[in-house]
*Asks:* 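My questions will all concern the structure given below.
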Amino acid sequence: LTRIPAPGRSPNPQPGGQIYRRIPETFTVDDPDFLGTDYIDGKGLIGQAAALPEYIRILNDAVVWSVFEDRSGNLWLGTDGGGLNRVGPDGVTVFDSEILVPDGIVSTSAEDGAGTIWFGTETKGLVRIRNGSLEAFRPDVGRLSEESITALLSGRDGTLWAAGIWGLYGISPDGTVRTFDEALFFDQVLICVLEDREGALWVGTDGAGLVRIRGGDVTRFTPKEGLGSDSIMCLYEDSKGTLWVGTTAGIARFRDGRFATVDARKGLYDNGPMAILEDDRGVFWMSSNRGIFRASRRDIEEVAEGRAERVQCQAYGVADGMKSRECNGMTQPAAWKTRDGRLCFATLKGVTIVDPSNLPVNETPPPVVIESVLLDGVPIPPGTAAVVDPGVHRFEFDYTGLSLIAPEKILFKYRLEGLEEQWVLAGTRREAAYAGIPPGEYRFRVVACNNDGIWNNTGAVFSFELKPQFYQTFWFYLSA
């Protein structure tokens, strides 16, 4: 049960005054079936079945572009028409001045080293909240040559870094603005920016690859240097100082001057991770257009090093409680890890909040059953071994896994022992077929894992012997 009270509504402020209003309702969350997550959307902080009409204005807009937690524990949400929303113990405060943000679109927000809140907009530049008032940085007031802000980052030295369509800007604590113009980024929109532990800035672009600014040196990385794509979606530096890059062609690891990419062909759930977070157990959580998914960082490392063929991912979507599986990106921060370890993801319908420490694990491996076996389209009983007459060309196997929890997420792999040494990774596909196999003794074996990656390695087996034609026998070759 979560309860967030809110005080009475503040009057609409006048220009130059406190430009916000508070939502007066008190609202609750009570959702025992929500598998360790909760979310905030246009109807409040709710669970799957708790949408109440009186909470329709808890957030001004259900589409959330950015999310971060300030030093006081408040969540700040940039929305697509509802201004900037602050969610905290005293309720929800909405910053939606018609003077500074007439379209209400807040693409990003951040807190600088002094505790000041900044937010970037789609058409009205950068805005600072100071002493209860909003202060604009944009071309028409002569303080920033940029109207569209896509990413914000608070630097270690107190500099606030703002990325946009026309370049990268560093705003020092005294208000001085340092500009890296669009020519440095080949006139491409900037999507994300990261300061690594050595002080270098990494800037991801939408079409010109990744740019590193280190001292006076500028280095550009593209597919020629090993990146999977020129379009960068997100950046993350792990506890070991390894840089991870989300692109439109998978996730790339940068180490010792080289990139190694893991994509859908190697098991990644989605090729376009929009944000990368790491929980306290070393598991990566990534957002995408197809939901949120997780994979062990160690497993991804194994694939990146070539020591494993595929990474195993677990995905979450509407069936797990998300109001919409489509997450938002192309802005920063589109996801945030809170101080207590919860993970927040911006989506088309609010914010999905995952508590990895409270996520139930399905420990029951799925029973596996071979439902049917067809020989040249003719069914035979699948439960016993078979002796197959010569001349049969096509073998088809239909199989399934049984689970009461997310059966659609059961994954399979199979192999025909006697023909194959390696497993065929079938994903959710539930049939296998072989044609033109030589005579011999075979065992078709299929195994499965549940939605949390727990494998039934015993699986199900169908054994058969395919008899040879006369011309395939030893006696025929002996007489020839």
Side-chain angles (χ1 to χ4, degrees), residues 19 60-61 63-68 76-85 95-112 116-129 134-155 159-171 175 177-194 201-211 213 230-235 246 248 272 274-275 327-335 346-348:
I19 308 179
N60 265 6
D61 194 278
V63 177
V64 174
W65 287 109
S66 64
V67 54
F68 88 94
W76 293 80
L77 313 176
T79 71
D80 190 69
L84 182 66
N85 290 224
F95 297 80
D96 62 350
S97 167
E98 293 297 323
I99 298 173
L100 292 176
V101 194
D103 55 13
I105 299 176
V106 175
S107 51
T108 178
S109 56
E111 181 180 31
D112 67 19
T116 300
I117 302 299
W118 299 72
F119 63 93
T121 73
E122 187 175 68
T123 60
K124 291 297 178 180
L126 183 64
V127 181
R128 175 167 61 186
I129 303 175
L134 304 186
E135 182 181 1
F137 288 70
R138 61 175 189 248
D140 63 352
V141 294
R143 306 186 71 176
L144 198 71
S145 58
E146 181 74 59
E147 294 179 338
S148 182
I149 305 297
T150 55
L152 291 175
L153 173 72
S154 181
T159 300
L160 181 82
W161 294 99
I165 292 178
W166 305 115
L168 177 68
Y169 311 90
I171 304 171
V177 178
R178 181 185 180 190
T179 300
F180 297 91
D181 66 25
E182 67 270 21
L184 186 65
F185 309 103
F186 296 86
D187 300 320
Q188 298 296 317
V189 176
L190 308 189
I191 302 300
C192 48
V193 57
L194 177 142
L201 283 178
W202 296 81
V203 184
T205 74
D206 185 20
L210 182 64
V211 176
I213 304 171
D230 272 327
S231 295
I232 311 300
M233 305 288 282
C234 58
L235 298 167
T248 55
M274 295 177 170
C327 298
N328 279 327
M330 307 294 283
T331 58
Q332 178 188 303
T347 81
L348 283 183

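Everything quoted here is computed from the prediction, not taken from an experiment.
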*Asks:* Which residue, Leu160, Leu152, Thr116, Ile117, forms the side-chain contact (heavy atoms from CB on, under 4.5 Å) with Glu111?
*Replies:*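 Of all the options given, the one that passes is Ile117.
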*Asks:* Answer yes or no: is there a side-chain heavy-atom contact under 4.5 Å between Thr248 and Met233?
*Replies:*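 Result yes, sub-4.5 Å side-chain heavy-atom pair found.
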*Asks:* Is a side-chain N or O of Thr331 found less than 3.5 angstrom from the main chain of Trp65, in a donor-acceptor match?
*Replies:*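 Looks like yes, one N/O pair under 3.5 Å.
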*Asks:* Within a strict 4.5 Å, meaning less than it, do heavy atoms of the Leu210 and Leu235 side chains meet?
*Replies:*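 SC-SC contact between Leu210 and Leu235 confirmed.
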*Asks:* To the nearest 0.5 Å, tell me how far Asn328 CG sits from Thr79 OG1.
*Replies:*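 Those atoms lie 11.0 Å apart.
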*Asks:* Hey, does Met330 have a side-chain heavy atom less than 4.5 Å from the side chain of Ile191?
*Replies:*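 Yes - at least one pair of side-chain heavy atoms lies under 4.5 Å apart.
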*Asks:* Would you say Ser148's side chain and Glu122's backbone share a donor-acceptor pair under 3.5 angstrom?
*Replies:*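 Yes; at least one donor-acceptor contact below 3.5 Å.
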*Asks:* Test your reading of the model: is there a side-chain donor-acceptor pair from Glu146 to the backbone of Trp166, 3.5 Å cut-off?
*Replies:*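 Looks like yes, one N/O pair under 3.5 Å.
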*Asks:* As an exercise, state the distance from CG of Leu194 to CH2 of Trp202, rounded to the nearest 0.5 Å.
*Replies:*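 Between atom CG of Leu194 and atom CH2 of Trp202 there are 9.0 Å.
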*Asks:* Once rounded to the nearest 0.5 Å, what's the spacing between atom OG of Ser109 and atom CG of Leu77?
*Replies:*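 Taking OG in Ser109 and CG in Leu77, the distance rounds to 7.5 Å.
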*Asks:* Could you measure the distance from the OG atom of Ser154 to the CG atom of Asp112? Nearest 0.5 Å is fine.
*Replies:*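 Rounded to the nearest 0.5 Å, the OG-CG separation comes to 5.5 Å.
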*Asks:* Decide yes or no for Val106 and Asn85: does some side-chain heavy atom of the first lie under 4.5 Å from some side-chain heavy atom of the second?
*Replies:*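 No. Closest side-chain heavy atoms not under 4.5 Å.
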*Asks:* Are any of the side-chain heavy atoms of Ser107 and Thr150 separated by less than 4.5 Å?
*Replies:*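 Contact flag for Ser107/Thr150 side chains = no.
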*Asks:* Of all the heavy-atom pairs spanning Met274 and Cys234, show the shortest one and how long it is.
*Replies:*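 Of all heavy-atom pairs spanning Met274 and Cys234, the closest is O-CB, 3.3 Å.
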*Asks:* Is Asp230 reaching over with its side chain to a backbone N or O of Ala208, donor-acceptor style, under 3.5 angstrom?
*Replies:*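 Between the backbone of Ala208 and the side chain of Asp230 there is no qualifying donor-acceptor contact (under 3.5 Å).
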*Asks:* Would you compute the distance between atom OG1 of Thr205 and atom CG of Leu168 and round it to the nearest 0.5 angstrom?
*Replies:*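 Output value for this atom pair is 12.0 Å.
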*Asks:* Can you check whether Trp161 reaches Leu201 side chain to side chain, under 4.5 Å on heavy atoms?
*Replies:*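 The answer is yes, as the side chains (C-beta and beyond) meet within the 4.5 Å cut-off.
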*Asks:* What heavy-atom pair brings Ala335 and Val67 nearest, and what distance separates the two atoms?
*Replies:*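 So the two residues come closest at CA-CG1, 3.9 Å.
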*Asks:* What orientation do Phe137 and Trp118 show, parallel under 30°, tilted 30 to 60°, or perpendicular over 60°?
*Replies:*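 Rings of Phe137 and Trp118: tilted, 30 to 60°.
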*Asks:* Any donor and acceptor pair, going by atom type alone, linking the side chain of Gln332 with main-chain N or O of Val193 inside 3.5 Å?
*Replies:*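 Looks like yes, one N/O pair under 3.5 Å.
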*Asks:* First locate atom CD1 of Ile165, then atom CD1 of Ile149, and finally report the distance between them rounded to the nearest 0.5 Å.
*Replies:*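 CD1 of Ile149 is found 9.0 Å from CD1 of Ile165.
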*Asks:* Got Val203 and Phe185 here, is their nearest side-chain heavy-atom distance under 4.5 Å?
*Replies:*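 Contact flag for Val203/Phe185 side chains = yes.
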